[in-house]
Amino acid sequence: NYLIIVGSVLLYTCVYLYVYSPDSFSEETFMCNFRIWVFSLGYTICFAVILSKTWRIYYIFNNPTAKKKAIKDWILLIVILIVVTIDLLILLIGTSIQDSRLTTVDTIDIEHEITITSDGITNENLVFICTRNQSLIWVGISFAYKGSLQVIAI
């Protein structure tokens, strides 16, 4: 139950990370990648806990032998750690490769293009956008992994 709370807190803090707007390119590039890590780990932790608890209930009620064997909590913790470790490896490899890392691009804000201050200074408003250079392979691997967890849960 505490791990579900940890995963939920990570997912809730992700909302604040998406609202936060840094001032520099390097900070924004870091935040682009950090947001992905926090969201992915929060989701994986929550889902792994639910998946392991569901597996325990399935095992208890579908055990054909007359003697029911309970699965200990430490076994469920190992299952959760395996699922989260695989996700961590996917994230680590995906962000360590230069082509698949998120970068920041600035574009002109369409809604607030140019503002002129009372001093006569012209300000051009820009919007930072997180984007990938070329490779979407690690996004596909991450989606395939999380999708396969969903299928296993059914």
Side-chain angles (χ1 to χ4, degrees), residues 1-58 71 73-119 121-154:
N1 289 336
Y2 293 118
L3 288 176
I4 289 179
I5 293 171
V6 169
S8 298
V9 166
L10 286 174
L11 287 172
Y12 291 140
T13 57
C14 192
V15 172
Y16 295 107
L17 292 175
Y18 275 100
V19 171
Y20 175 69
S21 180
D23 295 330
S24 66
F25 279 119
S26 60
E27 190 177 348
E28 180 65 32
T29 301
F30 170 77
M31 287 301 292
C32 287
N33 290 298
F34 187 66
R35 291 172 189 148
I36 299 295
W37 275 74
V38 171
F39 182 78
S40 183
L41 287 177
Y43 174 80
T44 303
I45 290 171
C46 284
F47 191 75
V49 171
I50 294 169
L51 180 67
S52 64
K53 286 184 178 194
T54 305
W55 173 66
R56 176 170 37 190
I57 292 170
Y58 172 80
I71 297 175
D73 287 340
W74 64 271
I75 294 175
L76 295 180
L77 189 60
I78 289 173
V79 170
I80 293 166
L81 286 174
I82 290 171
V83 170
V84 171
T85 302
I86 293 171
D87 192 41
L88 275 172
L89 287 173
I90 292 171
L91 285 170
L92 185 66
I93 294 170
T95 54
S96 64
I97 296 174
Q98 186 67 28
D99 285 342
S100 63
R101 187 179 308 142
L102 285 172
T103 56
T104 303
V105 177
D106 62 338
T107 59
I108 297 174
D109 188 3
I110 297 172
E111 294 178 12
H112 311 96
E113 290 183 24
I114 297 175
T115 57
I116 300 174
T117 64
S118 60
D119 299 336
I121 298 172
T122 304
N123 291 330
E124 186 176 39
N125 297 316
L126 301 174
V127 177
F128 291 122
I129 297 175
C130 298
T131 183
R132 292 194 188 276
N133 289 338
Q134 295 184 9
S135 178
L136 291 175
I137 242 169
W138 293 104
V139 175
I141 290 172
S142 180
F143 285 162
Y145 175 65
K146 287 178 178 40
S148 65
L149 288 177
Q150 295 281 334
V151 170
I152 289 171
I154 295 175

TODO: Could you tell me which non-hydrogen atom of I50 sits nearest to which non-hydrogen atom of T54, and how far apart they are?
DONE: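 In terms of heavy atoms, the two residues are closest at O-OG1, 2.7 Å.
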Task: Any pair counted as salt bridge (charged side-chain N to carboxylate O under 4.0 Å, His left out), so long as it reaches residues 6-21, sequence neighbours left out - done: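 Of all non-adjacent pairs touching residues 6-21, none passes salt bridge (charged side-chain N to carboxylate O under 4.0 Å, His left out).
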TODO: Could you list the residues that satisfy ring pair (Phe, Tyr, Trp, His ring centres under 6.0 Å) with F34, not counting sequence neighbours?
DONE: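 Partners of F34 under the ring pair (Phe, Tyr, Trp, His ring centres under 6.0 Å) test: F30.
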- [ ] Name all pairs fulfilling the side chain to side chain donor-acceptor pair (under 3.5 Å) condition that reach into residues 42-53, sequence neighbours left out, sorted by first residue then second.
- [x]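 Listed once each, the pairs are N1-K53, Y43-Q150, T44-D87, T44-K146.
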Open item on the list: Set out, in order, the CA-CA distance, both residues' side-chain angles and the distance that settles side-chain contact (heavy atoms from CB on, under 4.5 Å) for I93 and I141, then state yes or no.
Closed with: CA-CA 11 Å; I93 294 170; I141 290 172; over 6 Å; no
Scan the side chains in residues 4-16 for donor-acceptor partners under 3.5 Å anywhere in the protein, sequence neighbours excluded, and list what turns up.
residue, atom, partner, partner atom, Å
S8, OG, I4, O, 2.9
T13, OG1, V9, O, 3.1
T13, OG1, L10, O, 2.9

- [ ] Starting at CG of L17, measure out to CH2 of W37 and round the result to the nearest 0.5 Å.
- [x]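 Separation between the atoms: 14.5 Å.
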Atom pairs and distances, donor-acceptor, side-chain atoms in residues 73-82, under 3.5 Å, two or more places apart:
residue, atom, partner, partner atom, Å
D73, OD1, R56, NH1, 2.9
D73, OD1, R56, NH2, 3.2

Task: Check against side-chain contact (heavy atoms from CB on, under 4.5 Å), Y2 and V49 - done: CA-CA 10 Å; Y2 293 118; V49 171; over 6 Å; no
